[in-house]
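Let me begin by presenting the structure, written as structure tokens, before commenting on it.
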Amino acid sequence: MPSFLWFDNSALDLTARQYGGLAIIVGAALAAQIIYLALSTFFIRTHNSPERRRFWRKERRRLDGVVFGTFIAVAILTGVRFLDLDVDLEDTVNVAARVLGAVCAGLLLLRGIAIVGNYLLDKAALTETRLDDQLIPLVRQTANVFVVLVGALFVLSNLDVDVGALIAGLGIGGLAVALAAQDTIKNLLGGITVLADRPFQVGDWIVVGDVEGTVEKVGFRSMRVRTFKDSLITVPNGQLTDHVVDNMGVRAFRRYDTTLRLPLSSTPDQVQAFCEGVRALLHANERVRQDYFFCEFERIGESTIEILLYCFFAAPDWGTELRAKHILNLDILRLADSLGLRLATPASTVQLDGWLGGAKPATTIPRERLARAIESLSEPGRAGQAAHSSLTHGFEPDTAAAGFNKGDSQEG
């Protein structure tokens with residue numbers, strides 16, 4: 001047989017026409033790969049900054065083989081029907097091409113999910129809320145699991161595995177597992193509720209039942225809370241559906257509610273001056289909410305005059321709140337001292353003034369002097385210590401960092 005007639009006969013069960021068809025299929029995949037490389041290179045060069053170009057070139061090189069495998073699978077599935085192959089061989093080639101296409105498509109989807117997830121994480125870092133920083137990785141992991149499961153079922157179905165029977169068997173087994181894992185399913189549903197309703201975010205101070213602390217991590221099954229004792233508590237998400245979640249971290253203002261007691265021997269002018277002086281202190285304090293505070297003579301108790309102090313501090317954290325209370329309480333003590341008053345002890349305490357319990361005579365202060373004492377509190381840094389100058393150096397917190405103004409002040 002002449003050598004040039006070799007392709008007229010079958011070789012490896014394929015004819016020359018079939019070999020030519022395979023060459024066309026491979027050539028079409030190569031042509032598609034070349035066009036893809038050219039277009040992707042042009043797009044990367046013209047639509048991205050130099051830094052982004054390096055990123056996308058690296059990603060493209062990582063996916064070149066996967067994309068070429070996808071083109072091969074598509075070309076085979078499209079062209080093998082025209083080769084007139086043996087039925088069994090054509091079925092085998094089609095199964096192999098579908099499996100190859102499914103694997104390559106799954107890898108492309110997984111890489112796409114990773115790229116989109118990283119992009120969303122960068123955007124989430126620019127937002128004020130921190131819950132999305134936890135939500136995005138969870139959604140990405142869920143999407144990865146979904147892609148892998150769907151891809152595995154597709155591959156198994158092409159390998160002549162009875163997927164329906166497999167799913168039915170898994171369903172029966174899953175029912176038994178679900179009955180034994182009701183708490184786990186409840187926790188998963190609770191996690192979905194948390195991510196959907198967003199009652200708190202990472203870093204918030206919350207109270208859930210007997211648990212109080214700062215949220216460190218939120219997952220689908222549980223969340224982690226760092227208590228003020230520095231212990232770490234894992235709270236199942238199912239508890240969030242059974243308890244009220246008190247989010248202390250979203251408070252714009254923190255309430256201060258207390259009762260100030262003056263002796264019954266205080267004169268009406270002194271009581272009025274004291275209330276007006278406290279209001280002046282509240283008005284001069286930059287941390288106090290100015291549109292809603294009260295200082296009123298509430299009632300006459302059994303042994304004291306009771307004055308209600310009700311206000312709110314603009315404090316982002318507990319430390320700042322304590323500092324604001326500290327300064328305001330010092331101001332109130334200075335005010336009482338300037339008015340010739342002394343805050344009274346609780347009603348259950350018996351205090352002996354003078355010799356053998358004899359009461360000291362009440363000191364009468366002229367109204368003009370009382371008025372001058374109150375006026376001196378109207379601006380921070382004068383008689384009032386809203387600006388708060390310390391007695392010593394090195395033992396006071398950084399009041400500027402806490403939001404207070406530093407300034408010299410003198411007592412009236």
In a table with atom names and distances, give each donor-acceptor pair under 3.5 Å that connects a side chain of residues 32-45 to protein atoms at least two apart or in another chain.
from	atom 1	to	atom 2	distance (Å)
Gln33	OE1	Phe68	N	3.4
Gln33	NE2	Asp64	O	3.2
Ser40	OG	Tyr36	O	2.8
Ser40	OG	Leu37	O	3.0
Thr41	OG1	Leu37	O	2.7
Thr41	OG1	Arg60	NH1	2.7

Legend entry - Close side-chain approach of Trp205 to Arg251, heavy-atom, < 4.5 Å: yes
Legend entry - Reported CD1-to-OG1 distance for the pair Ile305 and Thr259, which is rounded to 0.5 angstrom: 13.5 Å
Legend entry - Nearest non-hydrogen partners of Ala73 and Ala97, listed with the distance: CB-O, 3.3 Å
Legend entry - Distance in Å, Asn329 CG paired with Leu281 CG, rounded so as to fall on 0.5 Å steps: 10.5 Å
Legend entry - Side-chain (Arg299) to main-chain (Glu306) donor-acceptor, under 3.5 angstrom: no
Legend entry - Donor-acceptor contact present, side-chain Asp317 to main-chain Gly319, <3.5 Å: yes
Legend entry - Step-by-step side-chain contact (heavy atoms from CB on, under 4.5 Å) determination, Leu107 to Leu63: CA-CA 9 Å; Leu107 292 176; Leu63 297 175; over 6 Å; no
Inset, instruction - State, yes or no, whether a side-chain contact exists between Asn285 and His283 at a heavy-atom distance under 4.5 Å. - result: no
Inset, instruction - For residues Gly79 and Ile25, report the shortest heavy-atom separation together with the two atoms involved. - result: C-CD1, 3.8 Å
Inset, instruction - Could you tell me the separation between the CZ atom of Arg226 and the OG atom of Ser231, rounded to the nearest 0.5 Å? - result: 7.5 Å
Legend entry - Note, Ile307 side chain near Val271 side chain (heavy atom, < 4.5 Å): yes
Inset, instruction - May I ask you to decide whether Glu216 forms a salt bridge with Arg224, counting only side-chain N to carboxylate O separations under 4.0 Å? - result: no
Legend entry - Contact check, side chains of Leu343 and Phe274, non-hydrogen atoms, under 4.5 Å: yes
Inset, instruction - Scan residues 103-112 for pairs that pass side chain to side chain donor-acceptor pair (under 3.5 Å), counting only residues two or more places apart or in two chains. - result: Glu59-Arg111
Inset, instruction - Kindly indicate, with the supporting measurements, whether the criterion side-chain contact (heavy atoms from CB on, under 4.5 Å) is fulfilled by Leu109 and Phe146. - result: CA-CA 11 Å; Leu109 285 175; Phe146 178 78; over 6 Å; no
Legend entry - Residue among Val147, Val103, Thr70, Ile113 satisfying side chain to side chain contact (heavy atoms under 4.5 Å, CB included) with Leu108: Thr70
Inset, instruction - Please answer whether the main-chain N or O of Leu335 pairs with a side-chain N or O of Ser338 as donor and acceptor at a distance below 3.5 Å. - result: yes
Legend entry - SB check Arg261 Glu298 (cutoff 4.0 Å): no
Legend entry - More than 12 heavy atoms from other groups under 6.0 Å of CG on Asp257: yes
Legend entry - Non-hydrogen side-chain atoms of Val288 and Phe312 separated by less than 4.5 Å: no
Legend entry - Short side-chain to backbone donor-acceptor contact, Arg254 and Pro316, under 3.5 Å: yes
Legend entry - Pairwise distance OG1(Thr304) to CG(Leu260) - rounded to 0.5 angstrom: 10.5 Å
Inset, instruction - Taking atom CG of Leu149 as the centre, report whether more than 12 heavy atoms of other residues, nucleotides or ligands fall under 6.0 Å from it. - result: yes
Legend entry - Heavy-atom pair with the smallest gap, counting every atom of Pro263 and Ala344: N-CB, 3.8 Å
Legend entry - Between SG on residue Cys104 and CZ on residue Phe71, distance to nearest 0.5 Å: 10.5 Å
Inset, instruction - Taking all heavy atoms of Phe293 and all of Cys311, pick out the closest pair and write down the distance. - result: CB-CB, 3.8 Å
Inset, instruction - To the nearest 0.5 Å, tell me how far Glu296 CD sits from Leu308 CG. - result: 8.0 Å
Inset, instruction - Go through the steps to decide whether Asp337 and Arg334 satisfy the test salt bridge (Lys or Arg N to Asp or Glu O under 4.0 Å), and finish with yes or no. - result: CA-CA 5 Å; Asp337 184 66; Arg334 293 187 181 99; over 6 Å; no
Legend entry - Val208 and Met223, any side-chain heavy atoms less than 4.5 Å apart: yes
Inset, instruction - Grab the two heavy atoms, one from Ala324 and one from Phe313, that are nearest each other, plus how far apart they are. - result: CB-CD2, 3.5 Å
Legend entry - Test item: Leu328 and Val278 side chains (from C-beta on) under 4.5 Å apart, heavy atoms: no
